[in-house]
Amino acid sequence: MLYTSTRDKSVKVSSAQAIAQGISKDGGLFVPESIPAIDSSFIDSLVGKSYIERAEKVLSLYLTDYTPEEIRACVSGAYAPGKFSSEKIAPVKTIAAGENILELWRGPTCAFKDMALQLLPYLLTTAAKKTVADKTIVILVATSGDTGKAALEGFKDVPGTKIMVFYPNDGVSPMQKLQMTTQAGENVSVCAIHGNFDDAQNGVKKIFTDRAVAEKLEENGMMFSSANSINWGRLVPQIVYYISAYCDLIEQGIIKNGDEINVVVPTGNFGNILAAYYAKRMGLPVKKLICASNANNVLTDFLKTGVYDRNRKFYTTTSPSMDILISSNLERLLFHLCGENDATIREWMGALSAEGKYEISQSVKEQITALFDAGCCDDARTAETIAETYQKGYLLDTHTAVAVKVYEDYCQNTGDSTQTVIASTANPYKFSAAVLGAVCDGVPEGTDEFSQVELLRSKTGVECPEQLATLKGKQPRFTDCCHKEDMVDMVYRMLGI
């Protein structure tokens with residue numbers, strides 16, 4: 001299988017090259033030339049199997065230039081015993097009739113990004129041996145909170161790599177910031193920026209496509225790649241867990257093979273829900289993809305109107321990983337739906353860059369309406385949902401609560417009782433102040449992050465994961481903060497070139 005660019009269909013690269021490179025030189029995103037098909041017998045073959053076995057089989061459909069032995073080594077390393085707090089890796093728990101929570105936060109950084117970012121270093125180092133064996137891979141990351149820590153943890157001290165993470169200084173939770181700024185590893189660097197996630201993401205994309213920067217790295221035996229979901233190696237592992245969740249629902253007797261399910265995803269950059277779209281395109285029986293946004297509801301508006309307009313107020317919310325107004329992975333979806341017309345994508349993305357706005361064609365809008373539903377939820381309703389769901393016996397984080405509320409609204413509006421998988425993206429202790437405030441109707445004044453952690457534990461009986469609890473008292477290694485215009489200079493400084 002070869003991969004092409006959303007902005008230049010003449011590009012043809014292997015999966016290893018797409019993963020090593022991260023983003024196409026034309027600024028487009030790599031997508032598979034064709035989407036592999038699965039059927040009920042394929043799903044049957046995965047029922048009763050481990051997550052590692054399922055991942056091997058699904059990934060082999062996309063990574064055709066990796067040998068079976070290479071894929072097995074990558075997957076076995078990523079999901080080895082002890083790395084995740086559940087043997088199931090991504091367990092499914094039913095919390096109400098038709099409402100099934102897919103827990104994607106059982107990994108070492110307590111966020112769904114671990115599902116891909118524990119695997120990506122293995123995929124990338126394997127790809128580098130095939131394509132650029134003589135170069136140091138420089139992983140450049142923009143994060144709204146969770147990707148940064150998961151990428152740092154995944155790539156720390158991986159030979160032949162360096163990793164740098166940029167995050168919005170006032171746009172992540174205290175726990176997320178502490179996770180990143182205390183990161184161990186000799187090959188890691190972290191820097192805050194004055195601005196929001198979109199500023200960080202735009203800065204990283206600009207650096208990726210800056211020829212002068214690329215030449216300077218080349219002179220020093222280095223090349224860029226990405227751990228953001230613009231990298232196909234970040235996205236393809238996420239397809240696995242939707243197929244795995246379907247198999248788990250069969251095993252639990254909740255559905256039969258062939259029954260349709262809905263999938264609800266809290267999303268900002270559109271990568272997690274795009275993975276569900278690919279699973280549906282492959283043949284997984286998904287009825288509706290439901291996109292859940294917080295107050296930064298640019299995706300809700302787009303999916304309902306066909307107009308993407310980032311010219312709006314930016315909100316800093318209690319679900320900061322979704323505080324995004326430019327959803328990069330939407331470009332991949334639009335490429336597929338517009339008949340892989342790269343000229344159309346260049347036109348729409350050019351308008352987004354120049355004017356902050358574009359409108360899709362009627363035919364693409366009709367396809368989106370058939371595939372997706374969408375809704376949004378502000379902080380007040382997020383808190384209400386956390387409190388209500390806690391009373392039912394399950395503690396949500398702020399992002400998953402957005403998804404649960406949007407799902408409940410969808411059910412009320414449509415009457416659809418289809419069994420539904422809700423992607424749960426973070427452990428509640430990553431956002432302890434907001435979760436504590438929801439279940440206790442407010443946070444006591446003068447309490448710090450870890451006092452709030454202890455109050456939440458004593459109130460709910462839910463234990464804080466050890467990897468978060470042990471951050472107490474740790475001093476940050478990284479304290480730099482730069483303006484978005486100075487990101488290139490900061491990259492050079494962190495690389496020592």
Side-chain angles (χ1 to χ4, degrees), residues 4-11 24 26-35 37 198 229-230 235 260 262-294 296-313 322 324-376 406-407 409-411 413-416 418:
T4 189
S5 167
T6 53
R7 301 190 193 182
D8 183 358
K9 271 190 70 176
S10 69
V11 170
S24 183
D26 50 66
L29 307 184
F30 289 116
V31 293
E33 282 197 307
S34 61
I35 297 173
D198 291 324
S229 55
I230 57 175
L235 191 58
E260 287 188 321
N262 292 326
V263 175
V264 187
V265 186
T267 189
N269 217 16
F270 208 74
N272 200 2
I273 197 166
L274 182 68
Y277 163 80
Y278 278 117
K280 176 178 171 65
R281 278 284 303 270
M282 291 171 72
L284 192 71
V286 175
K287 179 180 179 181
K288 209 75 172 180
L289 298 161
I290 302 166
C291 179
S293 300
N294 62 16
N296 294 295
N297 60 350
V298 63
L299 282 170
T300 303
D301 289 347
F302 169 74
L303 293 171
K304 289 182 177 296
T305 68
V307 177
Y308 196 101
D309 188 355
R310 65 172 173 83
N311 301 309
R312 61 182 65 212
K313 183 176 179 180
M322 298 160 66
I324 297 171
L325 293 180
I326 302 176
S327 302
S328 290
N329 271 291
L330 193 58
E331 182 171 335
R332 282 185 166 114
L333 175 72
L334 296 177
F335 180 76
H336 292 303
L337 298 186
C338 76
E340 303 186 348
N341 189 326
D342 53 4
T344 296
I345 297 301
R346 289 195 301 272
E347 177 187 342
W348 290 341
M349 295 305 111
L352 180 64
S353 178
E355 304 159 22
K357 181 179 179 178
Y358 63 88
E359 182 171 4
I360 58 175
S361 64
Q362 184 62 29
S363 64
V364 173
K365 181 182 175 183
E366 289 171 358
Q367 292 178 74
I368 284 176
T369 300
L371 290 164
F372 292 89
D373 205 297
C376 57
V406 169
Y407 166 70
D409 290 346
Y410 168 82
C411 291
N413 293 336
T414 65
D416 186 359
T418 302

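In what follows, residues are counted from 1 in the order of the sequence shown. Please read these numbers as outputs of a predicted model, since none were measured by experiment.
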K.L.:
Counting only N and O atoms by type, is there a donor-acceptor contact under 3.5 Å from the side chain of Asn311 to the main-chain atoms of Glu355?
P.N.:
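It does hold such a pair.
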
K.L.:
Any idea which heavy atoms bring Asn296 and Met322 closest together, and the distance?
P.N.:
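Closest approach of Asn296 to Met322: CB-O, 4.2 Å.
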
K.L.:
In terms of side-chain geometry, is the basic nitrogen of Arg310 or Asp198 positioned less than 4.0 Å from the acidic oxygen of its partner?
P.N.:
no

K.L.:
Of the non-hydrogen atoms in Val406 and Cys376, which two are nearest, and what is the gap between them?
P.N.:
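What the structure gives for the nearest pair is CG2-N, 3.8 Å.
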
K.L.:
I'd like to know if the side chain of Asn297 and the backbone of Thr300 have a donor-acceptor N/O pair within less than 3.5 Å.
P.N.:
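Checked: no pair found.
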
K.L.:
Can you find a heavy atom in the side chain of Tyr277 that is under 4.5 Å from one in the side chain of Asn329?
P.N.:
no

K.L.:
Hey, does the side chain of Ser327 reach the backbone of Gly268 with a donor-acceptor pair shorter than 3.5 angstrom?
P.N.:
yes

K.L.:
When rounded to the nearest 0.5 angstrom, what is the spacing between CG in Leu330 and CZ in Phe335?
P.N.:
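Reported value, rounded in 0.5 Å steps: 14.0 Å.
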
K.L.:
Could you measure the distance from the OG1 atom of Thr267 to the CG atom of Asn272? Nearest 0.5 Å is fine.
P.N.:
6.0 Å

K.L.:
Nearest 0.5 Å please: distance from the CD1 atom of Ile290 over to the SG atom of Cys411.
P.N.:
7.0 Å

K.L.:
Nearest 0.5 angstrom please: Phe372 CZ to Lys280 NZ, how far?
P.N.:
9.5 Å

K.L.:
Is Asp301 close to Asp309 at the side-chain level, that is, under 4.5 Å between some pair of heavy atoms?
P.N.:
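A side-chain contact under 4.5 Å is absent here.
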
K.L.:
Val264 and Ala292: which non-hydrogen atoms are nearest, and at how many Å?
P.N.:
CG1-CB, 4.5 Å

K.L.:
Report yes if some heavy atom in the side chain of Tyr278 is under 4.5 Å from a heavy atom in the side chain of Pro32; otherwise report no.
P.N.:
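Side chain of Tyr278 against side chain of Pro32, heavy atoms only: contact under 4.5 Å found.
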
K.L.:
After noting the C-alpha distance and the side-chain angles of Asn262 and Tyr407, does the key distance pass the side chain to side chain contact (heavy atoms under 4.5 Å, CB included) rule?
P.N.:
CA-CA 10 Å; Asn262 292 326; Tyr407 166 70; 5.5 Å; no

K.L.:
Donor-acceptor pair, distance only, cut-off 3.5 Å: does the side chain of Asn269 make one with the backbone of Gly271?
P.N.:
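Answer holds: no.
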
K.L.:
Given side chains that start at C-beta, do those of Cys338 and Ile345 come closer than 4.5 Å, heavy atoms only?
P.N.:
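The answer is yes, as the side chains (C-beta and beyond) meet within the 4.5 Å cut-off.
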
K.L.:
Using modelled atom types only, decide if a donor and an acceptor are shared between the side chain of Thr4 and the backbone of Glu33 within a distance under 3.5 Å.
P.N.:
no

K.L.:
Are any of the side-chain heavy atoms of Lys288 and Thr414 separated by less than 4.5 Å?
P.N.:
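Side chain of Lys288 against side chain of Thr414, heavy atoms only: no contact under 4.5 Å found.
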
K.L.:
Is there side-chain contact between Leu334 and Met349, with at least one heavy-atom pair below 4.5 Å?
P.N.:
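Side chain of Leu334 against side chain of Met349, heavy atoms only: contact under 4.5 Å found.
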
K.L.:
If you take all heavy atoms of Tyr308 and Ile326, which pair is closest and at what distance?
P.N.:
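What the structure gives for the nearest pair is OH-CA, 3.4 Å.
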
K.L.:
Between Ile230 and Glu331, is a side chain to side chain contact (heavy atoms under 4.5 Å, CB included) present by the stated rule, with each step listed?
P.N.:
CA-CA 10 Å; Ile230 57 175; Glu331 182 171 335; over 6 Å; no

K.L.:
State, with a plain yes or no, whether a side-chain heavy atom of Ser24 is found less than 4.5 Å away from one of Asp8.
P.N.:
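No. Closest side-chain heavy atoms not under 4.5 Å.
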
K.L.:
Lys304 side chain to Ala374 main-chain N or O, any donor-acceptor pair under 3.5 Å?
P.N.:
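Checking the backbone N and O of Ala374 against the side chain of Lys304, a donor-acceptor pair under 3.5 Å is found.
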
K.L.:
Nearest 0.5 Å, what's the CD1-CZ distance between Ile324 and Phe270?
P.N.:
12.5 Å

K.L.:
Would you compute the distance between atom CD of Glu359 and atom OG1 of Thr305 and round it to the nearest 0.5 angstrom?
P.N.:
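That separation rounds to 7.5 Å.
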
K.L.:
Can you tell me if Arg346 uses its side chain to pair, donor with acceptor, with the backbone of Arg7 under 3.5 Å?
P.N.:
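It does hold such a pair.
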
K.L.:
Side chains of Leu371 and Leu337, heavy atoms from C-beta outward: is any pair under 4.5 Å?
P.N.:
yes

K.L.:
Report the C-alpha separation of Glu340 and Val31 in whole Å, then their side-chain angles, then the decisive distance to 0.1 Å, and conclude whether the side chain to side chain contact (heavy atoms under 4.5 Å, CB included) test is met.
P.N.:
CA-CA 10 Å; Glu340 303 186 348; Val31 293; 5.9 Å; no

